[in-house]
Amino acid sequence: EVRLVESGGGLVQAGGSLTLSCAVSGFTFANYAIGWFRQAPGKEREGLSCFSRNDYSTYYADSVKDRFTISSDNAKNIVYLQMKSLKPEDTAVYYCAYTSLVTVKEIWSSANWYESWGQGTQVTVSS
């Protein structure tokens, strides 16, 4: 069973930075992809970024591509989401998710394609 554990959330002032971590365990094959999503109260879950271990491709939503960076420490099986220039509208619960799909270019931002999810970590950006 694949298990994901997020960490690194917290309270930060607008303009500040945070780095979220997603520790992945229990997978069978190393060619997986990890997506980062967020969900604010009353809003749908939004796909932010994705890292594919199959070909090391990275993907970003337009809303965050100039501020967020996804990276991976494959030796530790941890995927990071570095967030800078945070805004109050970035306030949400952030989740990482696992998919065993090899090709994710066309579907990475859709939550439906992910098989396992972490418990989420709260990010609050104060104005």
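Scope of the values below: all heavy atoms of this structure, side chains included, with no hydrogens, waters or symmetry mates. Quick note: residue numbers are just sequence positions, from 1.
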Q: Would you say that Y94 contacts Q39 through its side chain, given a criterion of any heavy-atom pair below 4.5 Å between the two side chains?
A: no

Q: For the pair K65 and D62, find out whether any cationic side-chain nitrogen is under 4.0 Å from an anionic carboxylate oxygen.
A: yes

Q: With a 4.5 Å limit on heavy-atom distance, are the side chains of Y59 and I70 in contact?
A: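 In short, these two side chains do not touch, never coming nearer than 4.5 Å.
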
Q: Check for me, please, whether Y60 and Y114 land in the same ILVMFWY cluster - side-chain distances under 4.5 Å, paths through other members count.
A: no

Q: Does a side-chain heavy-atom distance below 4.5 Å link D55 with V102?
A: no

Q: If two hydrophobic side chains count as joined below 4.5 Å and joins carry through other members, does V64 share a cluster with L86?
A: yes

Q: Could you state the interatomic distance from OG (S7) to CD (Q119), rounded to the nearest 0.5 Å?
A: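 The distance works out to 8.5 Å.
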
Q: Report yes if some heavy atom in the side chain of L81 is under 4.5 Å from a heavy atom in the side chain of T19; otherwise report no.
A: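 Counting from C-beta outward, L81 and T19 never come under 4.5 Å.
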
Q: Is the shortest heavy-atom distance from the side chain of R53 to the side chain of F27 under 4.5 Å?
A: yes

Q: Of all the heavy-atom pairs spanning C96 and I34, show the shortest one and how long it is.
A: CB-CG2, 4.1 Å

Q: Once side-chain contact (heavy atoms from CB on, under 4.5 Å) is applied, do any residues pair with W113, and if so which ones, sequence neighbours excluded?
A: L101, I107, S110

Q: Measure the shortest side-chain to side-chain distance between L18 and Q82 over non-hydrogen atoms and say whether it is less than 4.5 angstrom.
A: no

Q: Minimum heavy-atom separation for S17 and S85, please, with both atom names.
A: OG-N, 4.3 Å

Q: Please name the pair of heavy atoms, one in S72 and one in V79, separated by the smallest distance, quoted to 0.1 Å.
A: OG-CG2, 4.0 Å

Q: Atom OG1 in T103, atom CG in N31: separation rounded to 0.5 Å?
A: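 It comes to 10.0 Å.
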
Q: Checking salt bridge (charged side-chain N to carboxylate O under 4.0 Å, His left out) between R38 and each of E89, E6, E46, E44, which is the one that passes?
A: E46

Q: Can you check whether Y80 and F51 have ring centres sitting under 6.0 Å from each other?
A: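 Ring centres of F51 and Y80 not closer than 6.0 Å.
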
Q: Between the side chains of S52 and N54, does any donor sit under 3.5 Å from an acceptor?
A: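 Absent: no donor and acceptor within the cut-off.
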
Q: Output all residues satisfying ring-ring contact (aromatic ring centres under 6.0 Å, His included) with Y98, sequence neighbours left out; order by chain, then residue number.
A: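 Residues passing ring-ring contact (aromatic ring centres under 6.0 Å, His included) with Y98: Y32.
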
Q: Answer yes or no: is there a donor N or O on one side and an acceptor on the other, between the side chain of E115 and the main chain of S100, under 3.5 Å?
A: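 Checked: pair present.
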
Q: Which atom pair, heavy atoms only, marks the closest approach of V104 to A33?
A: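 Minimum heavy-atom separation between V104 and A33: CG1-CB, 3.9 Å.
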
Q: Under a 4.5 Å side-chain heavy-atom rule over Ile, Leu, Val, Met, Phe, Trp and Tyr, are L20 and W108 clustered together?
A: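 Shared cluster, no.
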
Q: Below 6.0 angstrom between ring centroids: does that apply to W36 and F68?
A: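 No, ring centres 6.0 Å or more apart.
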
Q: Shortest non-hydrogen contact from C22 to L4?
A: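 For C22 versus L4, the nearest heavy atoms are SG-CD2, 3.6 Å.
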
Q: Only counting residues at least two apart or in another chain, list the ones meeting disulfide bond (SG atoms under 2.5 Å apart) with C50.
A: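 For C50, no residue satisfies disulfide bond (SG atoms under 2.5 Å apart) once neighbours in sequence are set aside.
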
Q: Does NZ or CZ of R45 come closer than 6.0 Å to the centre of the six-membered ring of Y95, within 45° of the ring's axis?
A: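 Yes, R45 lies over the aromatic ring of Y95.
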
Q: List the atom of L11, the atom of S126, and the distance in Å for their closest heavy-atom pair.
A: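 That would be CD1-CB, 4.3 Å.
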
Q: Short question: side chain of T91, backbone of T124 - any donor-acceptor pair under 3.5 Å?
A: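 No: the side chain of T91 does not pair with the backbone of T124.
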
Q: With the side chain counted from C-beta on, respond yes when V24 and I78 share a heavy-atom pair under 4.5 Å apart, and no when they do not.
A: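 No, every pair of side-chain atoms sits at 4.5 Å or beyond.
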
